[in-house]
Structure formats: C-alpha cells, structure tokens
There are 2 protein chains.
Amino acid sequence: MPPNRPIPDAAPPPAGRATIADVARAAGVHASTVSRALNPATRGMVTEAVALRVAEAADRLGWRPSALAAGLRTRKSRTIGILVPDLVNPIFPPIVRAAESLLAAQGYATLVANTDNDPAREEMLISRMAEHVVDGLMMASAAEGTHAIELCARFGIPTVLINRRLPGATTSAVTNDDRHGIGLAVSHLVALGHRRIAHLAGPRGVSTAIDRREGFLEALRAAGLDPGPVVDAAGYTRAAGRVAMETLLAGPSFTAASFTALVAANDMLCLGVYDVLRSRGLRAGVDLSVTGFNDMPFVDLIDPPLTTIRIQHAAMGREAAEALLAEIAEPAAPRRDTRLVPELVIRASTRAPRQEH
Amino acid sequence: MPPNRPIPDAAPPPAGRATIADVARAAGVHASTVSRALNPATRGMVTEAVALRVAEAADRLGWRPSALAAGLRTRKSRTIGILVPDLVNPIFPPIVRAAESLLAAQGYATLVANTDNDPAREEMLISRMAEHVVDGLMMASAAEGTHAIELCARFGIPTVLINRRLPGATTSAVTNDDRHGIGLAVSHLVALGHRRIAHLAGPRGVSTAIDRREGFLEALRAAGLDPGPVVDAAGYTRAAGRVAMETLLAGPSFTAASFTALVAANDMLCLGVYDVLRSRGLRAGVDLSVTGFNDMPFVDLIDPPLTTIRIQHAAMGREAAEALLAEIAEPAAPRRDTRLVPELVIRASTRAPRQEH
DNA sequence: GCATTTTCTGCAATCGATTGCATCACCCCC
DNA sequence: GGGGGTGATGCAATCGATTGCAGAAAATGC
C-alpha cells in the first residue's frame with residue numbers, strides 16, 4: 001500500500017476544517033463543480049440548482065477557502081505588502097490605514113512591516129514578502145542607495161512608491177508636490193514680512209528632503225530674496241531636529257540679524273526645534289516663526305500650534321492602493337506618477353517679524 | 001496524453017521563479033533532498049557536501065521558498081494577524097510596531113487590519129485571517145457583545161488579547177493594570193489637595209473603561225472621599241470627549257463647588273476636554289486639573305502638557321507576541337494573563353486647587 | 001568476510017483549490 | 001430518428017514544498 005494514504009473511503013469526519021472535497025461529498029457533486037459554484041467568476045458555468053445546493057452545503061459545513069491552496073495554484077495570494085520606515089512616525093498610520101481599508105474592501109489582506117530605514121532589513125523584508133507571494137508592494141521607505149526596486153523587479157512584484165520618489169525609477173509613485181508645498185510656506189512667511197529665512201532640511205538621499213530643499217531655494221529666488229542658512233538633519237526625527245537646530249543657532253550667533261523665520265522639512269523636526277527654543281527661553285511664533293510639513297496629527301495641539309503644510313495622508317494611501325491594483329490588473333498599463341497637492345495651514349507658530357528699530 | 005502536461009523533459013528554462021525542483025536539477029539531487037538541505041531543522045539529515053552543493057545551487061538560481069506551498073503542506077503560514085480598532089489612534093502604532101519587530105525576527109510576517117470597532121467588520125476580518133491560515137491572532141479590539149473569540153476558537157486560531165480583556169475569556173491577554181493606573185491619578189490629585197474629582201469614563205462594554213471607572217471609585221473610597229460626577233463617553237475619541245465634557249459641565253452648573261479635577265479614562269478624551277475648556281475661556285491646570293491615560297505620543301507637547309498614566313506600549317506588543325508564539329509552540333500550555341504596570345507622569349495639567357476663601 | 005546497523009537519498013503521496021479537456025445528457029432540427 | 005450543437009459536470013493534472021517509508025550505501029560488529 002502506498003505510504004501516507006488514509007484508509008480508503010474512511011469518510012473523514014468533520015475533523016479540522018472542511019475542504020472543498022467535503023463540500024463536494026455533502027452536495028453530491030465533484031470538487032471542481034464546487035469550486036466553480038462558489039467562485040463568483042465561474043458561478044455562471046453551473047446550474048442554478050447545483051449552485052444553491054453547493055452553497056448550502058458549504059455554509060452548513062462552515063467551509064472557508066484556503067488562500068494558501070488557491071494561491072499556490074493561481075499564483076496570487078490576494079495579499080499586498082506595505083513597507084514603512086517606522087509605523088510610529090505619525091504620518092504613516094493614516095496612509096497605511098487608508099490603504100488597508102481600500103484593499104480589504106477589494107478582498108486583499110495587508111502585510112505590514114517596518115524597515116527602520118535599514119537597507120539590509122528592507123531587503124530581507126522584501127524577500128520575505130516575495131516568499132509570501134504578495135500580489136503587490138507599497139513602499140514608503142524608498143531611499144537612494146538601496147536595491148529595493150531592483151529586488152522587487154527581480155521577484156516580479158508590482159510596486160508603488162508612497163511619499164518618496166526615486167530618481168530614475170520606472171515604478172508608479174504617489175507623492176506630494178513637495179516643491180509646491182514648501183513654496184506655500186515660504187510665500188506665507190514672505191507675506192508676513194520675513195526677509196531672512198532659514199531652512200532645516202531633511203536627511204540626504206531622500207526625495208522629500210531634496211525636493212523641499214530645492215523648492216525652498218527656488219521660492220526664495222522667485223521672491224527675490226537670498227536664502228538664509230540651511231542645515232541638514234540626520235533623519236526625520238525629533239532628536240535630529242534638535243541637533244540640527246542647535247548647529248543652526250550655534251553658527252553665526254543667533255541674533256535677530258541672522259534669520260527671523262525657519263522653514264523645516266517636516267513636522268517631526270519642528271518638535272526638536274521647539275525643544276531647543278524652549279531650552280533657550282525663546283518662543284516659536286514670537287522670537288522665531290517656524291513652519292513644518294505634513295500636518296501630522298496633534299501638531300494643532302502643541303504649544304504654539306504649528307503652521308504647516310497639510311498633505312493628503314488618506315488620499316495618498318488610497319491612491320497608492322488603487323494604482324497598485326490597477327497595475328496588478330493590467331501589468332502592461334503605463335506607470336502613474338501621482339502628485340498630490342498640499343495646502344498651507346496657518347497657526348500660531350508664524351507671525352510677522354518684530355519691527356527692527 | 002494527459003492534459004496540462006508540458007512537453008516531457010523540456011527542461012523549463014529560468015522562466016519565472018526557481019522552484020525546489022530547479023534547484024534539485026542544478027545540484028543533481030532529488031527535490032526532497034533539497035528540502036532537507038535547506039531547512040535548518042532537517043539540515044542534519046544530509047551530508048555536508050550535498051548541503052553545500054544544494055545551498056550553492058539555490059542561491060545561484062536565486063531560489064526563495066514559497067510560503068504558500070510550504071504552508072499548504074504544513075498547515076502553518078508563518079503569518080500572524082493583528083486586529084486593531086483603528087491604526088490612527090496613536091496608542092496602537094507602538095504596540096503593532098513592537099509586535100511586528102519581534103515577529104519579523106522570528107520569521108513571521110504580520111497581517112494588519114482595522115476593525116473600526118464594527119463587530120461585523122471584525123468577524124469578516126477574522127474569517128479572512130482564517131482563510132490566510134494565520135498561525136495566530138492578536139486582537140486589540142475586544143469588546144463585549146461580539147463573537148470574535150468564539151470565531152477564533154472555531155477556526156482553531158491561537159489568540160491573544162491586547163490592551164483590552166474580555167470577562168470570561170479563556171484566551172491569553174496582555175493588558176494594563178487599569179485599576180492601579182487610575183488609582184495613581186486619583187492619589188496624585190488628592191495629594192495636591194483636590195477633594196471633588198469627576199470622572200470622564202470610556203465607552204460601555206470595553207474592559208479598559210469598566211476597570212478604570214471601578215478603579216476610580218475604589219481609589220476615592222480608599223481616600224475617604226465621595227466621587228464627583230461620572231459621565232460615559234461614547235467612544236475613545238476627541239469628539240466623544242468633547243460631547244461628554246459638555247454634559248459634564250452642563251449638569252449642575254459648573255462652579256468651583258462642583259469639581260476641581262477631572263480624571264479621564266484616556267488621553268484622546270482629554271483632547272476633547274481641552275477643546276471645551278478652551279471654548280469657554282478656561283484653562284486646564286489652572287481652572288481645572290485634568291489627567292489622561294496612556295501617555296500617547298505628543299501629549300507632552302500639547303498645551304498644557306498633560307499629566308497622564310504612562311503605559312508600556314512597546315512591552316505590550318512584545319509580550320503579546322511572545323505569549324502568542326509560546327501558545328503556538330505549546331498549545332496545551334496554560335494561558336497567560338499579563339498585567340503591565342503603568343506609571344504616573346506629572347505635567348502641567350494638574351495643580352493644587354485654588355484656595356477657596 | 002559476512003551480517004547487521006546506521007546513514008543518507010530517492011520515491012511518491014500529500015496539502016486544498018483551480019482549470020483544460022473530455023464526456024455525457026439533452027435539445028433542436030431537418 | 002439520427003446528426004450536430006450546446007451546456008453542465010467530471011476527470012485528472014497542477015501549483016511547490018514536505019515527509020513517511022523504502023532502498024542503497026556505508027559503517028560497524030563479531
């Protein structure tokens with residue numbers, strides 16, 4: 001007798017989960033008929049009566065399809081991966097959430113992982129996603145100097161970038177119009193009367209940092225002003241913001257003569273800026289106007305409420321998910337490069353500069 | 001000739017992804033040997049030389065195991081599901097992140113989904129997780145009146161509750177010691193000299209709300225004080241906090257005689273409390289002392305910085321993941337009920353009550 | 001030097017659903 | 001009433017990895 005074979009025809013009692021074969025037996029049809037009857041797409045190939053009988057048997061037995069078995073055969077797991085640098089950074093949850101909701105409505109499950117901005121870890125996670133045969137991948141962690149995109153291409157995983165772009169990438173991307181956004185901040189400050197404006201830039205190699213920096217310089221040029229000091233932060237963190245702000249103030253000693261307003265590349269950096277100001281007995285909005293970027297949750301509640309550029313978090317997640325699904329459905333379709341338009345939100349951290357006598 | 005059969009021995013060129021059979025061919029061994037050579041657990045069953053040859057062939061071909069195929073056979077997907085009410089609520093990202101990191105280190109992928117506190121949606125998501133054959137489930141969305149736990153049991157999915165418990169549940173749970181935590185807040189206020197303390201309670205049916213409410217009453221009793229007014233919020237949201245705060249103030253008209261301090265069941269509710277106070281020209285900390293719960297990110301930055309109970313977000317995610325893995329490894333082991341100890345964080349929203357003349 | 005045990009590797013079945021093809025029944029029409 | 005459709009269902013292969021058993025090869029014992 002062949003190995004592993006159970007006693008023939010010892011009808012498996014309701015042990016464990018019902019399979020399509022159990023349903024077939026219960027409904028008195030062949031497993032393939034069950035498959036066709038239960039799959040909406042092939043439902044039409046089957047007689048109405050049979051379909052009903054099968055459906056009835058299926059939910060009497062509490063049958064649930066195995067995504068593993070189906071996926072193995074079809075090479076589709078109905079699973080989408082999302083890679084973020086760090087879920088704790090408040091700009092990501094709204095994005096992930098919006099994407100997950102849309103995907104769930106389309107019958108997809110969502111795998112989420114944090115890269116910690118570590119390229120090695122990112123590659124490991126992409127490989128793991130590939131092992132799990134994700135149908136597509138959303139990456140919010142793109143940065144120069146990684147092989148993430150090549151890796152996805154090698155595995156044949158449709159990929160959409162979120163929030164950050166990559167220079168020569170041929171993948172779809174959903175990002176903010178960062179240049180325009182930062183321009184809004186600059187215009188606002190200029191309109192208030194500021195003439196010497198500094199920039200706290202984001203980490204090197206990240207598209208948002210590059211675009212915002214360039215947008216900053218460009219906007220100043222357009223306004224006919226010379227740029228104030230520019231300092232790079234090591235990362236988009238509160239701590240990095242503190243460090244960068246310290247060096248900004250340490251340079252030519254901080255006087256009203258140096259700069260009266262600061263455009264930061266990101267809200268998180270502003271938290272560090274606030275820390276430094278507070279430690280020196282200075283107040284944002286009063287002694288120095290400060291703008292952020294992202295309008296992340298709760299910056300309307302900090303003291304003073306932060307003037308910032310509001311991005312469309314949820315739309316970003318939604319559009320990215322849609323682009324990805326479109327690409328999965330029609331792999332030959334051209335890639336999309338969606339640029340979402342941000343808007344200025346004015347709060348108390350920006351004010352007209354003190355009159356100089 | 002049987003259908004579907006490719007031309008015999010037409011060696012499939014490197015089309016698509018390499019399978020274990022491709023590796024076997026390249027290494028000149030049988031597929032089963034490849035499987036044994038590449039699986040650390042069975043690696044010992046194979047000659048060193050063969051193992052090396054196989055490993056070499058495997059990464060020359062860029063082979064990656066298919067989690068689908070392996071999972072189908074072994075009935076383990078190496079995937080864990082996490083259900084949260086709403087990822088945008090800032091207390092969840094740290095929990096999810098900590099869990100994901102630990103799970104990733106153990107080779108698991110993490111499926112995340114939002115229930116929106118909607119029981120129907122929750123059941124749908126659990127079913128979907130079951131279809132994807134998750135090895136275990138972490139639920140932060142437990143509430144009375146749902147069949148979530150029964151559903152998991154029916155599907156045979158090991159489950160661990162996070163943050164919220166369920167009355168008679170037999171599953172493991174990792175929660176905060178809510179009674180103790182709220183007691184810390186009450187003691188602090190009492191020590192400051194407050195005698196009339198109100199409570200803004202959480203939504204009905206949620207263990208955190210129940211425990212904190214009882215803890216509040218108990219702590220007051222222990223201090224020999226009568227409880228002030230108690231109002232339930234409809235949910236743990238800023239808006240619900242606003243509404244509840246309005247009714248609290250609307251009752252016996254708000255005077256110094258009514259209450260001088262407010263213990264809220266949750267930080268998010270405090271944001272609503274702040275809104276109402278601000279709209280009435282009152283200030284937290286000055287006109288009314290306010291405490292929150294969770295120490296969610298950025299409440300140290302709001303105005304005034306919130307006195308609150310700090311919970312161990314990351315530890316919660318980690319412990320829950322560990323408990324789940326332990327349960328998967330040893331299904332017969334007794335369930336764990338872990339209670340994490342919170343601590344009081346004093347900031348500017350609490351102060352001694354104004355002296356009454 | 002031969003019997004016996006221990007390795008190591010191959011064989012083939014298996015997990016559960018999908019799908020190309022074959023078949024069978026039935027209907028229609030000339 | 002038989003040929004040609006058409007439509008519904010069954011058959012069997014398949015996806016890729018795992019694993020119980022069998023058999024070959026090597027090591028060991030006496």
Side-chain angles (χ1 to χ4, degrees), chain A residues 1-8 12 15-25 27-54 58 61 63-78 130-133, chain B residues 1-8 12 15-25 27-54 58 61 63-78 130-133:
Chain A
M1 190 192 302
N4 284 16
R5 164 93 46 94
I7 301 87
R17 251 166 75 180
T19 74
I20 214 172
D22 299 328
V23 177
R25 206 170 308 125
V29 297
H30 191 265
S32 60
T33 304
V34 173
S35 174
R36 287 187 271 252
L38 262 22
N39 180 338
T42 50
R43 166 84 189 246
M45 303 172 64
V46 145
T47 317
E48 185 66 11
V50 172
L52 282 174
R53 191 147 42 92
V54 168
L61 296 182
W63 176 82
R64 301 267 72 201
S66 159
L68 260 42
L72 177 58
R73 174 68 220 241
T74 60
R75 298 157 162 295
K76 310 217 151 314
S77 63
R78 297 206 69 83
E131 293 177 11
H132 282 271
V133 196
Chain B
M1 189 192 304
N4 284 15
R5 164 94 44 96
I7 301 87
R17 246 166 76 181
T19 74
I20 214 170
D22 300 328
V23 177
R25 208 170 305 127
V29 296
H30 191 266
S32 60
T33 304
V34 173
S35 173
R36 286 187 272 251
L38 262 22
N39 180 338
T42 52
R43 168 85 189 246
M45 302 171 66
V46 145
T47 318
E48 185 66 11
V50 173
L52 282 173
R53 189 148 42 93
V54 168
L61 297 182
W63 174 81
R64 299 269 76 201
S66 159
L68 261 43
L72 176 59
R73 175 68 220 239
T74 61
R75 299 156 160 294
K76 311 217 151 310
S77 62
R78 297 207 68 85
E131 293 177 12
H132 283 270
V133 196

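Order of the sequence lines sets the chain letters (A, B, ...), proteins ahead of strands, with each chain counted from 1.
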d(A:Leu72 CG, B:Arg73 CZ) to nearest 0.5 Å is 13.0 Å

Subject >> B:Trp63 side chain near D:dA17 phosphate (N/O to OP1/OP2, under 4.0 Å) >> reply: yes

_Donor-acceptor under 3.5 Å (A:Arg64 side chain, B:Glu131 main chain)_ = no

Taken to the nearest whole Å, NZ/A:Lys76 to P/D:dT14 is 20 Å

Residues A:His132 and B:Arg78: closest non-hydrogen pair is CE1-O, 3.6 Å

Here the distance between atom C1' of C:dT18 and atom CD of B:Glu131, to the nearest Å, is 16 Å

From CZ of B:Arg73 across to C1' of D:dT18 the rounded distance in Å is 5 Å

### Message
Need one value for A:Ser32: base, sugar-phosphate or nothing, where a base atom within 4.0 Å counts as base even if backbone is also close, heavy atoms only.
### Response
base

Between B:Thr47 and C:dT9, does any side-chain N or O lie under 4.0 Å from OP1 or OP2?
yes

Here the residues of residues 34-44 of chain A within 4.0 Å heavy-atom distance, strictly under, of DNA chain C are A:Ser35, A:Arg36

Original post:
Is it true that a side-chain atom of A:Arg53 and a backbone atom of A:Val29 form a donor plus acceptor pair closer than 3.5 Å?
Top reply: no

Judged by nearest nucleotide, the residue sitting upstream toward the 5' end of DNA chain C, B:Arg53 or A:Ala31, is B:Arg53

Nearest heavy-atom contact between A:Arg75 and A:Val133 is O-CG1, 4.3 Å

Here the distance between atom P of D:dC11 and atom NE2 of A:His30, to the nearest Å, is 5 Å

- Compare side-chain N and O positions of B:Arg75 against OP1 and OP2 of D:dT18 and report whether any pair is under 4.0 Å apart. no

Rounded to whole Å, CZ of B:Arg78 lies from P of D:dA17 at a distance of 16 Å

Between CD1 of B:Ile20 and P of D:dG16 the distance, given in whole Å, is 11 Å

Taken to the nearest whole Å, CE/B:Met45 to C1'/C:dT9 is 9 Å

Looking only at heavy atoms, the pair that brings A:Leu38 and A:Pro40 closest together is O-CD, 3.3 Å

Q) Does the side chain of A:Val34 reach to within under 4.5 Å of the side chain of A:Trp63, using non-hydrogen atoms? A) no

_Whether A:Ser66 side chain and A:Leu68 backbone form a donor-acceptor pair below 3.5 Å_ = yes

Closest to the 5' end of DNA chain D, once A:Thr74 and B:Thr74 are matched to their nearest nucleotides, is A:Thr74

Closest heavy-atom pair, A:Ala130 versus B:Arg17, reported as atoms and distance to 0.1 Å, is O-NH1, 3.0 Å

The helix from C:dG1-D:dC30 to C:dC30-D:dG1: angle between terminal helix axes, five bp per end, to the nearest 10 degrees, reads 50°

Taking for B:Gly28 and for A:Leu68 the nucleotide of DNA chain C with the nearest heavy atom, the one nearer the 5' end belongs to B:Gly28

Between CZ of B:Arg17 and P of D:dC15 the distance, given in whole Å, is 14 Å

Any heavy-atom pair between the side chains of A:Ser35 and A:Ile20 that's under 4.5 Å? yes

